[in-house]
Student: 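Sharing a structure here in structure tokens format.
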Amino acid sequence: MNISQWSDLPKELLEIIDNYLNTKTDHNRFRSVCKSWRSSLLPYQNTVVLPPKVPYLGPPHLRKTSLLLTHFTVYHLSPPQIKSMASSLLWGWIIKVMENQQLGHHHLINPLSPIKVQPLPDSFPNSLNSLQFRVTELTKSYSLQCSNLNYKVVLDPNHDCPSIMIVATGVLWHLKLGQDRWTAIDDSVSQLSYEDVIFYKGKFFAVDEFGRTVVIDSALKITEIASKISCGNNGDRKSLVELNGELILVDRTSVVGFEKFKLYFLNQDQKRWIEFYSLGDQILFLGEDCSYIISAKCFGGCRGNCIIYSDPQFKVYNLDDRSLVPVNQHPEYTNIFSPPDRPPPPPPRRTRRSSIVSCLRPLL
């Protein structure tokens with residue numbers, strides 16, 4: 001049999017593959033494989049160009065004030081798998097980057113909040129070379145910033161009419177990008193008690209302090225999809241997270257010296273949340289502006305079925321035994337947020353530099 005080269009794949013097949021590449025990272029990595037693949041696909045284009053500012057959310061006399069809209073990208077970095085490398089260098093780690101498109105500046109951000117990391121850790125490199133790391137884009141997040149306030153922003157990237165939604169003082173607010181006025185979502189049942197919102201399967205989903213969950217369509221019509229959780233099970237803080245394509249609810253209880261998390265999946269037929277008890281080998285990173293899930297196998301020595309969050313220091317909650325420990329007491333978890341002591345050597349076979357990682361350099 002004749003052995004075909006990857007570079008000989010027909011263009012129509014490459015275009016089909018490209019339809020499954022949902023991030024700039026994956027698209028540019030695909031184009032960097034060889035010359036024919038690069039020429040077959042156009043450079044990545046953002047489907048929605050976000051404005052740097054949006055109208056102020058408040059009284060009419062203050063609407064001339066603007067809110068700063070920022071966006072972040074969370075990356076998982078890991079060294080190439082080279083047998084000769086020390087085991088400590090095989091640990092992957094997470095960074096979160098804020099990019100100022102107008103000025104071309106990049107800033108390192110706390111992985112679990114929209115706060116800048118200042119100053120940078122001494123061990124953090126001044127640049128990240130794509131020849132030295134494997135880069136995976138985990139998620140994107142958005143935030144509205146004004147003075148000391150930060151609002152989590154959820155984006156609907158509809159090509160024809162992109163919009164955003166936030167929760168402020170328990171109220172859902174919606175804004176079509178390009179317009180100058182926010183719209184409050186009218187819901188007499190959960191008004192003033194909403195806690196989180198997420199964009200899932202093309203629609204906005206929101207949950208209130210009791211677990212009642214609604215979906216908001218493009219006409220801003222509300223439909224209840226889950227009733228409140230029974231009174232005896234309510235925690236202090238509800239968060240919506242996408243897990244392997246499914247919507248889950250994270251219910252957190254906080255009292256002095258005590259933390260507890262419960263997980264629920266949505267039974268749409270019964271319109272209720274059903275508790276489950278394990279994330280398998282996965283780690284849930286529960287952040288203020290976004291949450292993301294990744295296998296513990298991506299981090300050397302770490303165990304799955306746990307939740308990492310900030311309060312304000314990073315903590316690990318183990319769902320197996322309900323234990324809670326600071327991250328800094330376990331080196332294997334500390335390494336998730338820290339680069340290796342020295343950058344790994346480049347792989348022996350040189351490949352074309354992917355432009356997606358060049359967007360990470362410099363970070364200052």
Side-chain angles (χ1 to χ4, degrees), residues 23 25 70-78 91-98 108-117 121 124 134-143 150 152-154 195-200 207 235 237-252 254 259-265 276-320 322-339:
T23 68
T25 304
T70 54
H71 68 279
F72 316 96
T73 304
V74 181
Y75 296 97
H76 172 245
L77 281 71
S78 61
W91 288 351
W93 47 293
I94 287 176
I95 63 169
K96 184 175 174 184
V97 178
M98 180 180 71
L108 189 68
I109 306 298
N110 185 305
L112 298 176
S113 79
I115 307 301
K116 290 182 181 179
V117 177
F124 199 88
R134 296 169 58 88
V135 182
T136 303
E137 185 177 316
L138 297 180
T139 189
K140 289 185 179 293
S141 65
Y142 309 88
S143 176
N150 289 286
K152 172 187 174 181
V153 174
V154 179
E195 292 196 342
D196 197 20
V197 61
I198 190 174
F199 188 73
Y200 172 71
V207 63
R237 174 67 182 171
K238 308 284 191 300
S239 302
L240 295 173
V241 182
E242 184 174 348
L243 170 63
N244 301 329
E246 299 295 330
L247 189 64
I248 68 169
L249 174 65
V250 183
D251 191 16
R252 173 182 171 187
S254 302
E259 294 276 349
K260 185 177 182 180
F261 290 86
K262 289 187 175 183
L263 304 175
Y264 300 84
F265 71 88
F276 70 101
Y277 304 95
S278 176
L279 293 170
D281 75 336
Q282 299 178 103
I283 300 175
L284 167 59
F285 294 84
L286 192 64
E288 296 177 17
D289 59 327
C290 69
S291 299
Y292 41 96
I293 295 175
I294 185 170
S295 172
K297 296 177 182 178
C298 295
F299 310 105
C302 292
R303 296 174 56 190
N305 200 29
C306 65
I307 299 173
I308 296 181
Y309 68 105
S310 178
D311 187 34
Q313 68 175 142
F314 292 171
K315 297 181 179 179
V316 181
Y317 181 83
N318 190 313
L319 289 164
D320 287 325
R322 306 292 178 178
S323 62
L324 178 68
V325 294
V327 164
N328 59 18
Q329 292 185 10
H330 292 267
E332 64 273 23
Y333 291 102
T334 302
N335 288 335
I336 292 177
F337 307 102
S338 302

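As the structure is a computational prediction, the values presented were derived from the model and not from experiment.
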Student: Treating Asn305 as the side-chain partner and Leu279 as the backbone partner, does any N or O pair qualify as donor plus acceptor under 3.5 Å?
Tutor: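 Yes.
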Student: Is there a side chain to side chain contact (heavy atoms under 4.5 Å, CB included) between Leu108 and Ile95? Walk through the geometry before answering.
Tutor: CA-CA 7 Å; Leu108 189 68; Ile95 63 169; 4.0 Å; yes
Student: If we only count heavy atoms from C-beta on, is the Cys302 to Ile336 side-chain gap below 4.5 Å?
Tutor: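 SC-SC contact between Cys302 and Ile336 confirmed.
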Student: Return the minimal non-hydrogen interatomic distance between Arg322 and Tyr277, and the atom names on each side.
Tutor: NH2-CD2, 4.0 Å
Student: Measure the NZ-CE distance between Lys116 and Met98 for me, rounded to the nearest 0.5 Å.
Tutor: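 The distance works out to 4.0 Å.
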Student: Can a donor-acceptor pair be found, under 3.5 Å and without considering hydrogens, that links the side chain of Tyr333 to the backbone of Gly301?
Tutor: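 Side chain of Tyr333 to backbone of Gly301, a donor-acceptor pair under 3.5 Å: no, none is there.
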Student: Rounded to the nearest 0.5 Å, how far apart are CG of Asp251 and NZ of Lys260?
Tutor: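 Nearest 0.5 Å value for the CG-NZ distance: 10.0 Å.
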Student: Would you call Asn318 and Arg303 a side-chain contact if the rule is heavy atoms closer than 4.5 Å?
Tutor: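 Heavy-atom side-chain distance check passes, below 4.5 Å.
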Student: For the side chain of Asp196 and the backbone of Leu240, is there at least one donor-acceptor N/O pair under 3.5 Å apart?
Tutor: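 Confirmed, Asp196 side chain pairs with Leu240 backbone.
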Student: Looking just at side-chain N and O atoms, do Asp281 and Ser295 make a donor-acceptor pair shorter than 3.5 Å?
Tutor: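 Present: a donor and an acceptor within the cut-off.
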Student: Give, for atom CZ of Phe314 and atom NE2 of His330, the distance between the pair rounded to the nearest 0.5 Å.
Tutor: 15.5 Å
Student: Measure the spacing between CG of Asn150 and OG1 of Thr70 and express it to the nearest 0.5 Å.
Tutor: 7.5 Å
Student: Looking at Ile293, is its backbone amide N or carbonyl O close enough to the side chain of Gln282 to form a donor-acceptor pair, meaning the two atoms are under 3.5 Å apart?
Tutor: no
Student: With a 4.0 Å cut-off on N to O distance, would you call Arg252 and Glu259 a salt bridge?
Tutor: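 Yes, charged N to carboxylate O under 4.0 Å.
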Student: Quick check: do Tyr264 and Lys262 have side-chain heavy atoms less than 4.5 Å from each other?
Tutor: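 In short, these two side chains touch, coming nearer than 4.5 Å.
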Student: Looking at Lys96 and Ser113, would you say the former's side chain and the latter's main chain have a donor-acceptor pair under 3.5 Å?
Tutor: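 Here the side-chain-to-backbone pair exists.
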Student: Is a donor from one side chain sitting under 3.5 angstrom from an acceptor on the other, for Asp289 and Ser143?
Tutor: no
Student: Measure across Tyr200 and Leu247 and return the closest heavy-atom pair with its distance rounded to 0.1 Å.
Tutor: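 Looking at all heavy atoms of both residues, the closest pair is OH-N, 3.5 Å.
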Student: Closest heavy-atom contact between Val250 and Leu263?
Tutor: CG2-CD2, 3.9 Å
Student: Within this structure, what is the CD1-CZ distance for the pair Ile94 and Phe337, rounded to the nearest 0.5 Å?
Tutor: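 If we round to the nearest 0.5 Å, Ile94:CD1 and Phe337:CZ are 6.0 Å apart.
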Student: What distance do Ile198 atom CD1 and Ser291 atom OG have between them, rounded to the nearest 0.5 Å?
Tutor: 8.0 Å
Student: For a side chain to side chain contact (heavy atoms under 4.5 Å, CB included) check, start with the C-alpha distance between Leu249 and Lys238, then their side-chain angles and the critical distance, and finish with the verdict.
Tutor: CA-CA 7 Å; Leu249 174 65; Lys238 308 284 191 300; 3.9 Å; yes
Student: Name the one of Trp93, Phe285, Tyr292, Phe299 that satisfies ring-ring contact (aromatic ring centres under 6.0 Å, His included) with His76?
Tutor: Phe299
Student: What heavy-atom pair brings Pro114 and Glu288 nearest, and what distance separates the two atoms?
Tutor: CD-OE1, 3.8 Å
Student: Given the rule in the side chain to side chain contact (heavy atoms under 4.5 Å, CB included) test, do Leu284 and Leu319 qualify, once you have shown the distances and angles that lead to the verdict?
Tutor: CA-CA 11 Å; Leu284 167 59; Leu319 289 164; over 6 Å; no
Student: Can Gln329 and Val316 be said to form a side chain to side chain contact (heavy atoms under 4.5 Å, CB included), step by step?
Tutor: CA-CA 10 Å; Gln329 292 185 10; Val316 181; over 6 Å; no
Student: Are the side chains of Leu324 and Tyr309 in contact, using a 4.5 Å heavy-atom criterion?
Tutor: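 Counting from C-beta outward, Tyr309 and Leu324 do come under 4.5 Å.
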Student: Any sub-3.5 Å donor-acceptor pair from Lys152's side-chain atoms to Val197's backbone N or O?
Tutor: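 Judged by distance alone, yes, a pair lies under 3.5 Å.
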